[in-house]
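Scope of the values below: all heavy atoms of this structure, side chains included, with no hydrogens, waters or symmetry mates. Worth saying up front: this structure is predicted, and the values here are computed from it rather than measured.
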2 protein chains.
Amino acid sequence: MTESMTDAEIYREVFDAIVEGRLPPGEKLGQDELGKVFGVSKTRIRPILHRLTEQKIVVIEPMRGAFVARPSEKDAREVNAARQIIEEGVVRAATRAAQPRHIKQLREIVAAEQAARDSRNAGQAHRLTGEFHCELARITGNDVVTDIVRELVSRDSLVVALYQRPGSGACSLHGHAHLIDRVAEGDENAAAQAMRDHLQDVMDTLDLGEKRGRSQSLSNAFAHLGRAG
Amino acid sequence: MTESMTDAEIYREVFDAIVEGRLPPGEKLGQDELGKVFGVSKTRIRPILHRLTEQKIVVIEPMRGAFVARPSEKDAREVNAARQIIEEGVVRAATRAAQPRHIKQLREIVAAEQAARDSRNAGQAHRLTGEFHCELARITGNDVVTDIVRELVSRDSLVVALYQRPGSGACSLHGHAHLIDRVAEGDENAAAQAMRDHLQDVMDTLDLGEKRGRSQSLSNAFAHLGRAG
DNA sequence: CCAAGGAAAATCGTATACTATCGGTCTGCC
DNA sequence: GGCAGACCGATAGTATACGATTTTCCTTGG
């Protein structure tokens, strides 16, 4: 018998599938179904769903089941506002702590973002956009801060999946480049302002009101595992 | 048969017991034992322990059990640094959004803190100290931000339980009062500086290196429930 | 032909039973 | 007398089984 995956691995698979959009908002996450996909009983699926619920990217409706979260318009605004508040502090700390190698690292991510966009790889581009903010947090050298930013970024993924109008997305490139310049200059106030403007820009390009979201089968989302569904 | 508590109620009981220090760092949280205390099977205890683990106030050692977290010296520094970074953004947003009624609310909390300290009620005083920071976050009107601050404050409770030297504690009163004045003035930069100074003060009064922590029985911690242990 | 009611299927939530692993202790040997 | 190794009790982790609730579909009446 093929040995089963660890809880951490299963968690990571589901988390990535949601953040990368393979499991769209509203998708049903059946316990037995997921258990079959990963070859374990639902006993080990439950705590994983609860953990994802803690991070607000899954919602559990009592006696009905777990679903990928579909953040409301209010949720979308609140998460974005929270990012403006918290990442202001983060970018200030990062500006104080930034070394040349950090700046270089950030520019590399933006370059990769550009490349992904040029090659029409929307999924990769979106992943790197989030990665940029996490990397910025990492400059602070504080894992607690990094984890909080990561959580906020993952929640924003769902907002983007639901509300981003098809064409947009390129605006973040300029915002990131501008932000790096301010950090590189060491101007903490300007960096903070750039961060708020950037996040507000992202918010403004959303098409709140019109929820998108195609449906996809669970086994398709985990097709790379090569297991039966 | 007496109807059993909801998961949320059980969670709250354990959470409060830890944050208020009735369950000191290092305390063993046996699944069967907790199940008996609350009159449920361990099936419902497990997800609660996992949730507390997510919040980093409980650690689960595989095949050994769950324990109230005993943050290392490094953890203590990191949580404090994270608070300085994040609450800087929070206090700036709060300063921009503050209304007179908010200032009044904050001053009331400090007054209550003073009263608790005067009446030698250390537990209540400590609770109000945390409440002050949560209330400040609440001024932003953003639940996401408030939850994050609440989590950081609860983690700090364990640090204080482990490392605070017996005598100290009064320093936070002056820091809070000073902070309110800066917020009331609307001077965002001064408020941010006051927040950082205040949190640094708290850090500096800790006696890192010497871990305290008396042990207490589980049934004592939940004595107010009136159930058998 | 549509709507309302009910029954059956599906699925979630909980308890119980079982297995694996860990810590403590007792014994035997050095 | 002290240390090492094995046994035993305790407890965590997992699966299975069962009860509760919802959803779906079919039947029946208007």
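Which of D:dT14, D:dA12, C:dT11 sits closest to the side chain of B:Lys28 comes down to D:dA12. Closest approach to the A:Ile60 side chain among D:dA12, C:dC12, C:dG13 is made by C:dG13 (side chain taken as heavy atoms from C-beta onward). Here the side chain of B:Gln31 is nearest to one of C:dT11, D:dA12, D:dA17, namely D:dA12. When each of D:dT14, C:dT16, C:dG13 is scored by its nearest atom to the side-chain atoms of B:Ser41, the top-ranked nucleotide is C:dT16. The side chain of A:Arg44 has D:dT14 as its nearest neighbour among D:dT14, C:dG13, D:dA12. For A:Arg46, whose side chain is taken as the heavy atoms from C-beta onward, the closest listed nucleotide among C:dT21, D:dT23, C:dG13 is C:dG13.
Checked options A:Glu87, A:His133, A:Met203; the residue passing with A:His198 is A:His133 (criterion: side chain to side chain contact (heavy atoms under 4.5 Å, CB included)).
Considering only heavy atoms from C-beta on, B:Leu158 stays 4.5 Å or farther from B:Val79 through its side chain.
Along DNA chain D, the nucleotide nearest A:Pro62 and the nucleotide nearest A:Asp7 are compared for position; the residue whose nucleotide lies closer to the 5' end is A:Asp7. Residue B:Asp32 is the one, among B:Thr43 and B:Asp32, whose nearest nucleotide of DNA chain D lies closer to the 5' end (criterion: closest heavy atom).
Contact annotation: A:Arg64 reaches the phosphate of D:dT23 (side-chain N/O to OP1 or OP2, under 4.0 Å).
Remark: the backbone N or O of B:Asp143 is paired with a side-chain donor or acceptor of A:Glu78 at under 3.5 angstrom.
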